[in-house]
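Everything on this sheet refers to the single structure shown next.
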Amino acid sequence: MSQLPVVHSSSLRFKPRPLMLALLSAWSGAALAQVAQADAVPQGADALPVIEVREAASVPERKQLPQTSASVTAATAADGINVTDTSDALKYLPSLSVRKRYIGDTQAPLATRTTGVNASARSLVYADGILLSALVNNNNGNGSPRWFMVAPEEIERIDVMYGPFAAEYPGNSYGAVTEITTRMPDHVEASVKALYSQQDFNQYGNGGTYRAQEYNVSLGNRSGALAWRFSANHLDSFSPPVTYVTSGTIPAVATGAVATQDRTGKPIYVLGAGNLTHTVQDAARLKLSYDFTPTLTATYTLGLWQNQANANPQTFLKNAAGAPAYGSGFSSNSVDQQQWMQGLELRSKTGGAWDWQVAASTMSASRDLTRTSTTAFPAGQSGGAGTIADASGTGWSTLDAKGIWRPEDGSGKRGTHTVSFGAHYDRYTLATPTWNTTNWISGSNGTLASDSRGKTETSALWAQDVWRLAPALKATLGARYEWWRAFGGYNFSTTGGTGFPVNQPQVTQNGVSPKVSLAWAVNDDWLATLSTGRALRFPTVGELYQNVLAGGVYLQANPYLKPEKVWSTELAIERALAEGRGKWRVSLFEEQVSDALISQSSTLGNNVVSFTQNVDKTRQRGIEAAFERNDLVLRGFSLNGSVTYVDARILANSGYVPTAAGATSVGKRTPYVPEWRATLVATYKPDDRWSYTLAGRYSGRVYATVDNTDVNSHTYQGFDGYTVFDARVRYRFDRHWSGAVGVDNLTNRDYFLFHPFPQRTVFAELKYDF
């Protein structure tokens, strides 16, 4: 789709206020001086407006991919979503959810149509082509995407593509691919934003008020062939409880324990709350682009993120004198992290017969220390023995080369084929040694307590042909061939496990993933697309080599895990409404996974413990309906939403060992995939100043076990269904100032998704653009 040139006139340029000019001159004195000089030109009868015409950005080639997609733009997010980090922008897209437990949560995996919050490696998240997904693990911890590497103020749009139907992406795409595109300026621009939030939280008869504040500054400019953008973000956040300390009995001579049931229905007592976290995060990101020619551009991105977090417990217990009392299970921890992101891309954009792209990226942890107390409380609050976990060597790197060929027919017009192809390489490194220390707060490394480490790497070749069979009929044929190996695996433990240390064997796998899609434009309004494809999702380093903890003893898991083999099919029917009033879509989908990698109970040595295993076969099938409707009843009133139903089942599981008499996993629901989920968002914009939004999110309950024995959902470690309503009002005071107030979880829904989830949270933000 062609776009008009962007036109800028000096008569529309603002005149910077003296205070703002002085503040910003420290960052970019030369650039702002140019603006001030331009604004000083008298706009009299003889003064002509300065018109700068630039080529509009070409539509990315990924828009031609065969997947069903959904998008959110920066303008939509600013008007209708309470955003504190990049992941929040996805909260109303069909079939998606992010497990975000508090503002500043660094462990926030993405769940999709057919994958749950514990399966971070079954989806991909990119920012300007740089991989944010941490494919070092497949969990809701260190495998979570690095959302914090992109500030919300940088985002231009986010596109989500469902299913593994494009040969360009690896098998981890079978849940979804999320592409975050950040803005690049075409003139001097800057902004300052401040956000405040407050949550009153109460659970198990105890609670408190938890606040967060966030600040963002950004600055950018274009001067001829060079464009740049800089963004810095500061967050200071206090979380409500993230965990709870539970026990089967009440400690002697103590009161205040709360009687409840665990997720299997057994009686337990809640003794206190854990991991009330104070986190201070700082992030900075610089993006540069240079046009060597009108058709050749280089882009470099550098990102830095730092996190200082301290987590402490809160006891519910009191002794006979009324003073706080503690039992076992209470501990504190502190986190000190520094991570770097880099990306370099060289891209041609002729739009002619040939275009190409070469891109490389790295994500590395230069510092990642977690100090945890092991000394009994209350003495452990002020020091004593503990451990230091060091993940500083963890990271990944990627390299991609892509080309596209658009051959002409005999008459010099665009032909019936568009062929894209490429080569890919990646390497993931996991290093997680844990050291004993005599003082968990400030002590140095002592003896090595445990270690899990290893590497994986994948090489791939892929090709895809978009073949226009007729004006209304298009076929997409593609295939991806991958070579994968895991090596350097090493495990060590001193906690009583046998067989340590061990150097794990190298393992290799390879295979082909074919893709086929057929799209039929019935007329200008109707489109039907049928897609099918195979995906290979190779095990992550963590699934292969992470030590398994059983009763305080570390055991070795299975280093010979097989890749997940996925066949996915979707039929999508879409209709566009006349005059741009919206669209609707219905998708029927089915996904069959052989050798699914799922954590379940089985025999390891002489113990029955939970660890990642190959489950023989799962099947997820369902229907998704999504719609957008603009100017509904009233001009400026829009309504959009989605409903998804999924029947997710385990069909075969030879490795399962029952944890209770009569328990079975065959025929049970696949863990973490809800049967129903839905979103509904209503936005009213009566004019250019005001916008009002009311939104709802619904999810049915999920099971966390393959045998579905976690029957009690409303408890710590249980998984509730939930209906949550959010609201937001935004007002633009003038072309520079805007403000917003909002509420998430308007009705104060109390629910668990293993962890306690945020209750009613209010937001206030103020932004200045100049």
Side-chain angles (χ1 to χ4, degrees), residues 114-116 118-124 133 135-139 143 164 169-175 424 426-428 430 452-460 479-491 502-515 533-548 555-568 591-605 609-620 648-657 665-666 670-673 706:
T114 58
T115 69
N118 72 325
S120 57
R122 292 177 176 173
S123 60
L124 294 169
S133 291
L135 302 183
V136 295
N137 222 326
N138 182 42
N139 60 17
Y169 297 108
N172 308 82
S173 64
Y174 80 81
H424 169 84
D426 61 53
R427 173 176 286 197
Y428 302 93
L430 178 69
S452 299
R453 62 179 66 229
K455 299 177 181 179
T456 63
E457 66 178 15
T458 307
S459 301
R480 183 181 184 91
Y481 197 92
E482 295 167 297
W483 297 265
W484 172 87
R485 73 178 181 123
F487 60 102
Y490 175 80
N491 294 98
V502 59
N503 291 299
Q504 300 287 9
Q506 175 176 297
V507 293
T508 61
Q509 296 280 349
N510 57 74
V512 64
S513 300
K515 325 277 186 177
R534 184 180 193 243
L536 292 173
R537 206 281 286 176
F538 298 103
T540 62
V541 190
E543 289 171 306
L544 291 167
Y545 303 133
Q546 196 77 54
N547 287 341
V548 177
L555 305 171
Q556 299 172 36
N558 181 9
Y560 295 102
L561 293 174
K562 293 177 285 187
E564 296 181 324
K565 304 170 188 68
V566 184
W567 274 104
S568 186
E591 172 187 279
Q592 295 195 20
V593 184
S594 300
D595 296 320
L597 290 166
I598 299 175
S599 179
Q600 67 170 351
S601 297
S602 189
T603 302
L604 190 61
V609 296
S610 292
F611 60 99
T612 299
Q613 301 166 59
N614 286 116
V615 173
D616 298 327
K617 191 170 185 179
T618 70
R619 184 209 63 213
Q620 291 68 238
R649 300 288 170 180
I650 296 174
L651 301 184
N653 187 10
S654 58
Y656 170 72
V657 174
S665 64
V666 175
T670 307
Y672 302 103
V673 181
V706 293

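The first residue in the sequence is number 1, and the count goes up from there.
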Note: Glu591-Arg122 ion pair, threshold 4.0 Å (strictly below):
no
Taking side-chain hydrogen bond (donor to acceptor under 3.5 Å, both in side chains) as the test, write out the residues that go with [X], two or more places apart.
X: Thr115; result: Thr112
X: Ser654; result: Asp616
X: Arg480; result: Glu482

Could you check if a side-chain atom of [X] sits within less than 4.5 angstrom of a side-chain atom of [Y], using non-hydrogen atoms only?
X: Ile650; Y: Pro671; value: yes
X: Asn653; Y: Gln613; value: no
X: Asn137; Y: Thr540; value: yes
X: Gln592; Y: Leu651; value: no
X: Thr612; Y: Asn138; value: no
X: Tyr481; Y: Asn510; value: yes

Which heavy atom of [X] sits nearest to which heavy atom of [Y], and what is that distance?
X: Gln620; Y: Thr670; answer: OE1-OG1, 3.0 Å
X: Pro514; Y: Trp567; answer: CG-CH2, 3.9 Å
X: Ala535; Y: Pro164; answer: CB-CB, 3.8 Å

Distance only, no hydrogens: is a donor on one side chain within 3.5 Å (strictly under) of an acceptor on the other, for Tyr545 and Asn491?
no
Criterion side chain to side chain contact (heavy atoms under 4.5 Å, CB included) on Ser665 and Tyr656, from CA distance to verdict:
CA-CA 7 Å; Ser665 64; Tyr656 170 72; 3.8 Å; yes
Distance, nearest 0.5 Å, that separates [atom1] of [X] from [atom2] of [Y]:
X: Gln504; Y: Asn558; atom1: CD; atom2: CG; answer: 9.0 Å
X: Ser599; Y: Tyr672; atom1: OG; atom2: OH; answer: 7.0 Å
X: Glu564; Y: Ser594; atom1: CD; atom2: OG; answer: 10.0 Å
X: Glu543; Y: Arg537; atom1: CD; atom2: CZ; answer: 4.5 Å

Salt bridge (charged side-chain N to carboxylate O under 4.0 Å, His left out) involving Lys565 - partner list, sequence neighbours excluded
Asp595
Quick one: salt bridge (charged side-chain N to carboxylate O under 4.0 Å, His left out) partners of Arg534, sequence neighbours excluded?
none
Within the supplied structure, the quantity of interest is the number of heavy atoms (other residues, nucleotides, ligands) at a distance under 6.0 Å from Tyr560 OH; does it exceed 12?
no
Could you work out, with side-chain contact (heavy atoms from CB on, under 4.5 Å) as the rule, every residue matching Trp484, not counting sequence neighbours?
Thr456, Thr458, Ala486, Val507, Gln509, Phe538, Pro539, Leu544
What do the steps show when you test Leu561 against Leu597 for side chain to side chain contact (heavy atoms under 4.5 Å, CB included), and what is the final call?
CA-CA 8 Å; Leu561 293 174; Leu597 290 166; 4.0 Å; yes
Would you please test Leu124 and Leu135 for side chain to side chain contact (heavy atoms under 4.5 Å, CB included) and show each step?
CA-CA 9 Å; Leu124 294 169; Leu135 302 183; 3.9 Å; yes
Audit row: Gln546, Asn139, side chain to side chain contact (heavy atoms under 4.5 Å, CB included) steps and yes/no
CA-CA 12 Å; Gln546 196 77 54; Asn139 60 17; over 6 Å; no
